[in-house]
Q: 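Got a structure for you, questions after.
All values reported here derive from a predicted model rather than from experimental measurement. Labels below follow one simple rule: chain letters A, B, ... track the order of the sequence lines, proteins then strands, and each chain is numbered from 1.
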Amino acid sequence: MKGPRGTQDLLPGVTEKWQYVEDKLKNLSMRYNYQEIRTPIFEHTELFQRGVGDTTDIVQKEMYTFTDKGDRSITLRPEGTASVVRSFVQHKLFGLPSQPTKLFYIGPMFRYERPQQGRMRQFVQYGVEALGSEDPAIDAEVMALALEAYKQLGLKSLKLVINSLGDIDSRNAHRQALIEHFSSVKEELCGDCQGRLEKNPLRILDCKKDRNHPSMQTAPSILEYLNDYSRNYFEQVKRYLDVMGISYVVDQNLVRGLDYYNHTAFEIMSDAEGFGAITTLSGGGRYNGLVSDLGGPETPGIGFALSIERLLMALEAENISLPIKESIDCYVIALGEEANLKAAAIVQQLRQQGIQVDKDYQNKKMKAQFKAADRLQAKFVLVLGEDELAKNEVAVKEMETGNQENIKLDVLTDYLISKL
RNA sequence: GCGGUCGUGGUGAAGUGGUUAACACAUCGGAUUGUGGUUCCGACAUACGUGGGUUCGAUCCCCACCGGUCGCCCCA
């Protein structure tokens with residue numbers, strides 16, 4: 001038996017890394033005052049069709065959709081924002097006194113795709129959403145948080161790429177201009193781009209094959225199509241980033257794959273070697289129309305999401321090891337039946353005092369028990385044989401130094417606590 | 001969804017159309033009858049992804065499927 005394609009089991013040895021990273025992310029959220037929200041991992045299919053966009057690849061070909069026993073169309077969530085916004089609307093969080101509403105989430109997402117390293121069918125995203133503010137400062141805050149998520153773990157090869165998609169009208173005007181511009185040379189473009197022309201003309205601009213086609217140089221830029229408000233908003237966002245000491249690159253070709261984005265769009269990429277086709281660590285942007293699209297009041301929003309899998313890949317690419325505790329406080333070695341009984345009692349007592357302790361459960365000989373203790377990197381080994389038993393004490397050996405002394409059982413806990 | 005490539009014990013990794021499928025690491029035992037990490041010796045292992053086909057005979061050749069991986073599409 002194997003697990004389904006594109007899924008993975010996280011086993012001891014790596015779950016520790018996940019716990020560490022998740023813990024850091026939760027702490028980071030608190031520092032920026034984002035509170036956790038937990039939404040279901042499945043939703044009505046319609047939510048994603050309306051929220052993410054009916055024409056997007058995610059909705060058209062990547063959703064895990066099924067009909068439940070009540071004949072409802074259900075979809076395993078492919079991303080987090082739609083659910084968070086749905087919940088925001090359903091529970092009328094816009095009515096709470098403290099606005100904007102700043103939320104974070106962490107959990108599995110599902111997309112039916114051809115798996116590759118860094119691209120699972122079930123993967124885990126951490127993301128934040130700030131709803132109810134159209135202040136460029138909060139755009140900058142979200143980007144700052146996104147970068148800090150990586151920096152606090154020691155990552156260095158990071159690049160923040162930003163763009164403005166403008167409002168809906170600017171976007172559509174630009175799109176139309178692109179279609180007209182490239183239509184005249186359609187036959188000269190690669191097959192992919194011919195398909196992109198109607199579907200997503202913006203993507204033509206960063207095609208790897210047609211990069212040197214002369215029409216690229218003269219293609220209309222989104223920035224020319226921004227109206228005054230959009231242009232000014234983008235300028236303000238950049239000013240905030242500057243003031244906060246955050247460096248970035250403007251890429252007019254940056255496109256996001258979900259329909260709900262407008263104005264600010266950004267991605268964080270890794271420069272590290274050996275990252276292959278996957279270079280985007282996280283992405284996000286503003287979605288001012290989404291809340292009202294999903295039945296709420298006109299409410300601006302911005303957010304971003306990162307994948308834990310890719311974050312861990314980036315750590316590996318930069319050779320960063322996380323400070324994970326691998327040792328155990330104490331290991332009890334018992335010799336003989338009587339000693340084993342007593343050992344169980346001692347183990348129980350020490351654990352109740354908060355000391356991390358384990359013992360042998362395979363009837364191993366002393367030498368093998370010592371090896372087990374070594375493997376666990378036990379700081380102290382307690383040896384309990386007939387001699388010790390008779391004297392109501394236990395031999396305590398500090399493994400690093402090899403020093404050993406006999407300790408009376410009634411002061412054992414205090415002794416260990418003072419040493420640990 | 002498209003194209004390339006790969007799939008041998010717990011792990012890494014040889015190899016062959018034909019009797020017992022190397023080797024290394026790990027594991028276990030012994031040298032050392034109650035004290036670990038080294039060394040030496042020995043032992044163990046549900047191993048040729050699955051299903052068909054070709055063949056007297058397939059781990060090896062062919063096909064399909066499954067899974068990994070790389071690239072494309074797209075994305076986190």
Q: May I ask you to verify if any side-chain N or O of A:R310 is less than 4.0 angstrom from the OP1 or OP2 atom of B:A76?
A: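 Negative; the distance criterion is not met.
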
Q: Please work out if A:E309 contacts a base, only the sugar-phosphate, or nothing of the nucleic acid, heavy-atom cut-off 4.0 Å.
A: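 Contact class for A:E309: none.
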
Q: Roughly, in whole Å, what's the span from CG in A:L382 to P in B:G36?
A: 17 Å

Q: How many whole angstroms separate atom CG of A:L335 from atom P of B:G34?
A: 8 Å

Q: Nearest heavy-atom pair of A:L153 and A:Y20: which atoms, and what distance?
A: CD2-CE2, 3.8 Å

Q: Roughly, in whole Å, what's the span from CD1 in A:I106 to P in B:A76?
A: 16 Å

Q: Could you give the distance separating B:A21 and B:C48 at their C1' atoms, to the nearest angstrom?
A: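 Each nucleotide's C1' atom is 8 Å from the other's.
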
Q: Look at the side chain of A:R5 and decide which nucleotide, out of B:G67, B:U35, B:A76, has an atom nearest to it.
A: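 So the nucleotide nearest the side chain must be B:G67.
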
Q: Using salt bridge (charged side-chain N to carboxylate O under 4.0 Å, His left out) as the criterion, list what pairs up with A:R175, not counting sequence neighbours.
A: none

Q: Where do A:Y126 and A:S29 land on the side chain to side chain donor-acceptor pair (under 3.5 Å) test, with the steps shown first?
A: CA-CA 10 Å; A:Y126 159 84; A:S29 310; 2.8 Å; yes

Q: By the definition side chain to side chain contact (heavy atoms under 4.5 Å, CB included), identify the one residue from A:T81, A:V237, A:L131, A:I138 that meets it with A:I302.
A: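 The single option meeting the side chain to side chain contact (heavy atoms under 4.5 Å, CB included) with A:I302 is A:I138.
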
Q: Hey, which sits more toward the 5' end of RNA chain B by its nearest nucleotide, A:E267 or A:K2?
A: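 So the residue in question is A:K2.
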
Q: Under 4.0 Å, counting only non-hydrogen atoms across every strand here, what does A:M120 touch: a base, just sugar-phosphate, or nothing?
A: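 If one applies the 4.0 Å heavy-atom cut-off, A:M120 turns out to touch a base.
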
Q: What's the gap between B:C66 and B:G12 when it is taken at their C1' atoms, as a whole Å value?
A: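 About 24 Å, rounded to a whole number of Å.
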
Q: Shortest non-hydrogen contact from A:S73 to A:T45?
A: OG-OG1, 2.7 Å

Q: Between B:C73 and B:G10, how many Å separate the two C1' atoms, rounded to a whole number?
A: 38 Å

Q: Expressed as a whole number of Å, how far does the P atom of B:G68 sit from that of B:U55?
A: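 Per the computed distance, 34 Å lies between those P atoms.
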
Q: Do you know which two heavy atoms are closest between A:G283 and A:R256, and how far apart they sit?
A: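 For A:G283 and A:R256, the tightest heavy-atom pair comes out as C-NH1, 3.5 Å.
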
Q: In whole Å, measure the gap between the P atoms of B:G3 and B:G17 for me.
A: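 The same atom, P, in both gives a distance of 31 Å.
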
Q: Does A:K102 make a cation-pi contact with A:F104, if we ask for NZ or CZ under 6.0 Å from the ring centre and within 45° of the axis?
A: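 Relative to the ring axis of A:F104, which defines the angle, A:K102 lies outside at least one limit.
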
Q: Atom NE2 in A:H91, atom CZ in A:R86: separation rounded to 0.5 Å?
A: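 Going from NE2 on A:H91 over to CZ on A:R86, the span is 6.0 Å.
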
Q: For a side-chain contact (heavy atoms from CB on, under 4.5 Å) check, start with the C-alpha distance between A:T264 and A:Y233, then their side-chain angles and the critical distance, and finish with the verdict.
A: CA-CA 9 Å; A:T264 311; A:Y233 194 90; 3.8 Å; yes

Q: Heavy atoms only: give me the nearest A:Q356-A:S327 pair and the separation to one decimal.
A: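 Heavy atoms only, the tightest pair is OE1-O, 3.6 Å.
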
Q: Which nucleotide in the set B:G34, B:C70, B:C73 lies at the smallest distance from any side-chain heavy atom of A:Q117?
A: B:C70

Q: Nearest whole Å is fine: how far is B:C74 P from A:F110 CZ?
A: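 Atom-to-atom, A:F110 to B:C74, this comes out as 25 Å.
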
Q: We want to know whether A:Q252 and A:S221 form a side-chain donor-acceptor pair, criterion being a heavy-atom distance below 3.5 angstrom.
A: yes

Q: Counting the atoms with a prime plus P, OP1 and OP2 as sugar-phosphate, which does A:G402 contact under 4.0 Å by heavy atoms, base, sugar-phosphate, or nothing?
A: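 Base: the residue A:G402, judged by heavy atoms under 4.0 Å, touches a nucleobase.
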
Q: What pairs meet the ring pair (Phe, Tyr, Trp, His ring centres under 6.0 Å) rule with one or both residues in residues 162-210 of chain A, with sequence neighbours excluded?
A: A:H174-A:Y225

Q: So what does A:M109 touch, heavy atoms closer than 4.0 Å: a base, only the sugar-phosphate, or nothing?
A: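 Here A:M109 touches no strand at all.
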
Q: Checking all strands, does A:G283 fall into the base, sugar-phosphate, or nothing category for heavy-atom contacts under 4.0 angstrom?
A: sugar-phosphate

Q: Quick one: does A:Q369's side chain have a donor or acceptor within less than 3.5 Å of a partner on A:K364's backbone?
A: yes

Q: Got a sec? Which of residues 20-42 of chain A come in under 4.0 Å of RNA chain B, heavy atoms?
A: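 Within residues 20-42 of chain A, no residue comes under 4.0 Å of RNA chain B.
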
Q: Measuring from the side chain of A:E388 (C-beta onward, heavy atoms only), which nucleotide among B:A76, B:G71, B:G34 has the closest atom?
A: B:G34

Q: For a quick check of understanding: with a heavy-atom distance under 4.0 Å over all strands, which category does A:G284 fall into, base, sugar-phosphate or nothing?
A: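 It contacts nothing in the nucleic acid.
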
Q: Take atom C1' in B:U19 and the same atom in B:A24, then report the distance between them in whole Å.
A: 27 Å

Q: Under a 3.5 Å threshold, yes or no: a donor from one side chain and an acceptor from the other, between A:E141 and A:Y34?
A: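 Note: A:E141 and A:Y34 side chains meet the donor-acceptor criterion.
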
Q: With a non-hydrogen cut-off below 4.0 angstrom, is A:L281 in contact with a base, only sugar-phosphate, or nothing?
A: sugar-phosphate

Q: What is the distance from CD of A:Q116 to P of B:C74, rounded to the nearest Å?
A: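 Distance, rounded to whole Å: 14 Å.
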
Q: Check RNA chain B against residues 362-381 of chain A and give the residues with a non-hydrogen atom under 4.0 Å, in numerical order.
A: A:K364, A:K365, A:M366, A:K367, A:F370, A:D374, A:R375

Q: If you only use heavy atoms from C-beta on, which nucleotide in B:C72, B:G67, B:U69 is closest to the side chain of A:R119?
A: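 Selected nucleotide: B:C72.
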
Q: Would you name the heavy atoms of A:P201 and A:L178 that are closest together and state the gap between them?
A: CB-CB, 3.9 Å

Q: Measuring only the C1' atom in each nucleotide, how far is B:A47 from B:U20? A whole number of Å is fine.
A: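 So the two C1' atoms sit 15 Å from each other.
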
Q: Going by modelled atom types, is there a donor-acceptor pair between the base of B:G3 and the side chain of A:R114 at under 3.5 Å?
A: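 Yes.
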
Q: Go through the side-chain N and O atoms of A:S270 and A:Y150 and say whether any donor and acceptor fall under 3.5 Å apart.
A: no

Q: If the P atom of B:U5 is compared with that of B:C23, how far apart are they to the nearest Å?
A: 32 Å

Q: Listed in order of residue number, which residues of residues 319-334 of chain A have a non-hydrogen atom at under 4.0 Å from RNA chain B?
A: none

Q: Can you list the stems that RNA chain B is part of, where a stem is at least 3 pairs in a row, each Watson-Crick or G-U, with both distances below 3.5 Å?
A: B:1-7 with B:66-72, B:10-12 with B:23-25, B:27-31 with B:39-43, B:49-53 with B:61-65

Q: Would you kindly give the OH-to-P distance between A:Y64 and B:G1, to the nearest whole Å?
A: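 Distance, rounded to whole Å: 11 Å.
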
Q: Starting at CD of A:Q404 and ending at C1' of B:G34, how long is that distance when rounded to a whole Å?
A: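 One finds 10 Å between C1' of B:G34 and CD of A:Q404, rounded.
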
Q: Distance check needed: B:A76 P versus A:L158 CG, whole Å only.
A: 17 Å

Q: Hey, does the side-chain of A:R111 have a donor or acceptor N/O within less than 3.5 Å of a partner on the base of B:A76?
A: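 A donor-acceptor contact between them is present.
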
Q: Check the pair A:D358, A:R351 against side-chain contact (heavy atoms from CB on, under 4.5 Å), reporting the backbone distance first and the verdict last.
A: CA-CA 9 Å; A:D358 204 358; A:R351 285 175 177 164; 3.6 Å; yes

